[in-house]
Amino acid sequence: NLVPGGLGGVGIRLSWEFKGHWSPGAVRTPADALLFAQAWRGIVQAMRSVRGAGFSFDWSPNMQRSGVNPVLAYPGDRYVSEIGLDVYDWNQSARNESPAKRWSEIVSRGYGLAWQSRLAAAHHKPVAFPEWGLVSYTGDRGKAGGDDPAFIGHMFEWFAHHDVAFEVYFDADLPSAGLY
């Protein structure tokens with residue numbers, strides 16, 4: 001349906017944030033990871049088999065430390081166009097951090113920006129940021145950066161020094177979600 005509709009070259013983000021407990025197809029075990037990668041390959045093959053298709057496919061885990069190593073769910077270089085990551089200005093495990101410390105955590109955490117950059121380089125893929133933005137949790141302000149110009153500056157600096165396929169600033173007026 002995408003190809004006849006003139007959208008044969010769009011980017012597809014299958015099962016984004018697949019490590020998250022909120023994801024219907026969450027990857028929670030190594031066995032889940034293998035099934036995820038297998039399903040991903042099948043979907044990509046089917047979509048690419050359509051005449052006129054030129055889709056890109058963004059493989060995009062989330063930054064959570066917990067759960068299975070996302071690399072176990074990597075479907076292979078033939079099936080991935082870029083290595084994506086959703087990045088928000090907050091730290092789930094700490095409270096009242098300075099912007100500098102929060103940024104350091106975003107870069108260095110187990111599946112953070114440094115991990116993404118190394119993985120993408122190892123697979124000769126660009127990085128992508130299908131979601132990034134500020135966070136303000138009214139119920140727990142100590143974990144979120146709120147209106148943090150330092151985070152915005154750090155992200156733009158990161159974009160300038162990495163091979164970035166695309167970035168999308170995520171802006172939602174959802175007080176329950178805490179996203180700006």
- [ ] State the CD-CE distance between E157 and M155, to the nearest 0.5 angstrom.
- [x] 12.0 Å
- [ ] List the atom of S56, the atom of G11, and the distance in Å for their closest heavy-atom pair.
- [x] OG-CA, 3.2 Å
Task: Validation row: L2, F55 side chains within 4.5 angstrom (heavy atoms) - done: yes
TODO: Could you walk me through whether D163 and K125 pass the salt bridge (charged side-chain N to carboxylate O under 4.0 Å, His left out) test, one step at a time?
DONE: CA-CA 8 Å; D163 180 14; K125 301 289 181 187; over 6 Å; no
Open item on the list: Can you give me the closest heavy-atom contact between P130 and G84, atom names plus distance?
Closed with: CD-CA, 4.2 Å
Task: For the student: nearest non-hydrogen atoms of S117 and H162, plus distance - done: OG-CD2, 3.3 Å
Task: H123 NE2 to E82 CD distance, which is reported to the nearest 0.5 Å - done: 14.0 Å
Open item on the list: Whether D86 and R13 form a salt bridge (side-chain N of Lys/Arg under 4.0 Å from carboxylate O of Asp/Glu) is what I want to check.
Closed with: yes
Open item on the list: Here's a test for you: under ring-ring contact (aromatic ring centres under 6.0 Å, His included), which of Y88, F166, W158, F156 qualifies with W132?
Closed with: F156
Open item on the list: Within the structure provided, determine whether F18 and F36 are in side-chain contact (heavy-atom separation under 4.5 Å).
Closed with: yes
TODO: Considering non-hydrogen atoms only, spot the tightest contact between A46 and S49 and give its length.
DONE: O-OG, 2.7 Å
Open item on the list: Quick check: do V168 and F129 have side-chain heavy atoms less than 4.5 Å from each other?
Closed with: no
Task: Non-hydrogen side-chain atoms of T29 and V68 separated by less than 4.5 Å - done: no
Open item on the list: Within this structure, what is the OG-NE2 distance for the pair S104 and H154, rounded to the nearest 0.5 Å?
Closed with: 9.5 Å
- [ ] Carefully, step by step, assess L34 and L72 under the rule side chain to side chain contact (heavy atoms under 4.5 Å, CB included).
- [x] CA-CA 7 Å; L34 294 174; L72 296 174; 5.8 Å; no
Task: Side-chain donor/acceptor of Q116 to backbone N/O of I83, under 3.5 Å - done: yes
Task: Minimum heavy-atom distance between W59 and L119, given as atom pair plus value - done: CZ3-CD2, 3.6 Å
TODO: Drop me the distance from H124's NE2 to D77's CG, to the nearest 0.5 angstrom.
DONE: 8.0 Å
Open item on the list: In terms of relative ring orientation, are Y111 and W115 parallel, tilted or perpendicular, with 30° and 60° separating the classes?
Closed with: perpendicular
- [ ] Kindly indicate whether the side chain of V127, heavy atoms from C-beta on, has any atom under 4.5 Å from the side chain of L85.
- [x] no
Open item on the list: Less than 3.5 Å apart, any donor N or O on the side chain of Y169 or E131 sitting next to an acceptor on the other?
Closed with: no
TODO: Give a yes or no on whether I106 and F159 share a hydrophobic cluster (residues Ile, Leu, Val, Met, Phe, Trp, Tyr; joining criterion: side-chain heavy atoms under 4.5 Å apart).
DONE: yes
Open item on the list: I'd like to know if W16 and V10 are part of one continuous hydrophobic network [Ile/Leu/Val/Met/Phe/Trp/Tyr, side-chain heavy atoms within less than 4.5 Å].
Closed with: no
Task: side chain to side chain contact (heavy atoms under 4.5 Å, CB included) assessment of V44 paired with R78 - done: CA-CA 9 Å; V44 170; R78 287 183 42 207; over 6 Å; no
Task: Flag side-chain contact, heavy atom, 4.5 Å: I43 against I12 - done: no
TODO: Decide yes or no for D148 and W103: does some side-chain heavy atom of the first lie under 4.5 Å from some side-chain heavy atom of the second?
DONE: no
- [ ] Verify, without hydrogens or angle tests, whether N69 (side chain) and V71 (backbone) share a donor-acceptor contact under 3.5 angstrom.
- [x] yes
Open item on the list: Taking the side chain as everything from C-beta on, heavy atoms only, tell me whether I152 gets closer than 4.5 Å to L134.
Closed with: yes
TODO: Compare every heavy atom of S81 with every heavy atom of P126, then report the nearest pair and how far apart it is.
DONE: CD-O, 3.4 Å
Open item on the list: With side chain to side chain contact (heavy atoms under 4.5 Å, CB included) as the criterion, how do Y79 and W40 come out once you've worked through the C-alpha distance, each side chain's angles and the decisive distance to 0.1 Å?
Closed with: CA-CA 8 Å; Y79 306 96; W40 180 289; 3.8 Å; yes
TODO: Identify which one of E17, K19, R109 satisfies the side-chain contact (heavy atoms from CB on, under 4.5 Å) criterion when paired with M63.
DONE: R109
